[in-house]
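Report on the following structure.
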Amino acid sequence: MKQYHLGIEATLEIIGGKWKALIICFLMSGTKRTSELQRNIQGISQKVLIQQLRELERDGLVKRFVYQQMPPKVEYSLTEYGVTANKIVDVMCSWGKENIKIRQRRGEEIVLLEDTCPGAN
């Protein structure tokens with residue numbers, strides 16, 4: 001039996017790490033192909049992207065649709081359950097923007113290139 005001391009542990013197990021929240025953020029704006037996600041998420045390799053997508057699929061947040069054609073075409077979208085993660089991603093985006101402002105006021109040279117998360121409400 002799996003046990004958690006705090007609810008946040010279960011959350012981090014599902015969407016924790018460097019890439020999963022970003023993937024969810026980009027899928028909030030609609031269905032995407034693997035190549036679209038890779039282009040939009042700077043620094044992620046195809047191998048890691050596919051691994052993260054499979055984990056999100058396994059956990060019920062992402063669904064995968066494979067077109068029966070050559071060359072193969074695969075699209076990813078959020079499940080109804082996955083859309084509920086939007087609340088968390090929005091809070092993370094807001095907190096991150098505030099964090100950047102604080103760090104800028106402290107003299108850190110830091111720039112926010114995009115003011116809103118793609119697909120954010």
- Task: Verify side-chain hydrogen bond (donor to acceptor under 3.5 Å, both in side chains) between Ser35 and Lys32, making sure each step is shown before the conclusion.
- Result: CA-CA 8 Å; Ser35 58; Lys32 302 279 185 283; over 6 Å; no

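Applying the 6.0 Å contact sphere to CD of Glu108 captures more than 12 heavy atoms from other residues, nucleotides or ligands. For Ile102, the CD1 atom counts as densely surrounded, since its 6.0 Å shell holds more than 12 non-hydrogen atoms of other residues, nucleotides or ligands.
Within the structure, every pair that satisfies the side-chain hydrogen bond (donor to acceptor under 3.5 Å, both in side chains) test and touches residues 2-19, not counting sequence neighbours, is listed here: Lys2-Glu13, Tyr4-Glu13. Applying the salt bridge (Lys or Arg N to Asp or Glu O under 4.0 Å) test to every pair with at least one member in residues 44-64, sequence neighbours left out, gives these pairs: Lys20-Glu55. A salt bridge (Lys or Arg N to Asp or Glu O under 4.0 Å) check over residues 66-78, counting only residues at least two apart or in different chains, returns the pairs Lys73-Glu75.
With values rounded to the nearest 0.5 angstrom, Ile44 atom CD1 is found 8.5 Å from Leu37 atom CG. Taken from CG in Asp90 to SG in Cys25, the straight-line distance is 8.0 Å, to the nearest 0.5 Å. Rounding to the nearest 0.5 Å places SG of Cys93 at 8.0 Å from CG of Leu22. Atom CG of Asn86 and atom CG of Leu27 lie 11.5 Å apart (nearest 0.5 Å). Atom OG of residue Ser94 and atom CD of residue Glu98 lie 8.0 Å apart, to the nearest 0.5 angstrom. Atom CD1 of Ile110 sits about 3.5 Å away from atom CZ of Arg103, to the nearest 0.5 Å.
At least one donor-acceptor pair under 3.5 Å links the side chain of Glu36 to the backbone N or O of Arg33. Between the side chain of Gln38 and the backbone N or O of Ser45 there is no donor-acceptor pair closer than 3.5 Å. Side-chain N or O atoms of Gln42 include one that pairs as donor or acceptor with a backbone N or O of Arg39 at under 3.5 Å.
Leu49 has its side chain within reach of Ile23: a pair of non-hydrogen atoms, C-beta onward, lies under 4.5 Å apart. No side-chain heavy atom of Leu61 sits less than 4.5 Å from a side-chain heavy atom of Val83. Counting only heavy atoms from C-beta outward, the side chains of Thr34 and Tyr76 approach each other to under 4.5 Å. Looking at heavy atoms from C-beta onward, Val62 lies out of side-chain contact with Thr79 at the 4.5 angstrom threshold.
Nearest heavy atoms, Ala21 versus Met92: CB-CE, 3.9 Å.
By the rule that hydrophobic residues join a cluster once side-chain heavy atoms approach within less than 4.5 Å of another member, Ile15 and Leu12 end up as members of separate clusters. In the hydrophobic cluster analysis, where Ile, Leu, Val, Met, Phe, Trp and Tyr join through side-chain heavy atoms closer than 4.5 angstrom, Ile24 is grouped apart from Ile50.
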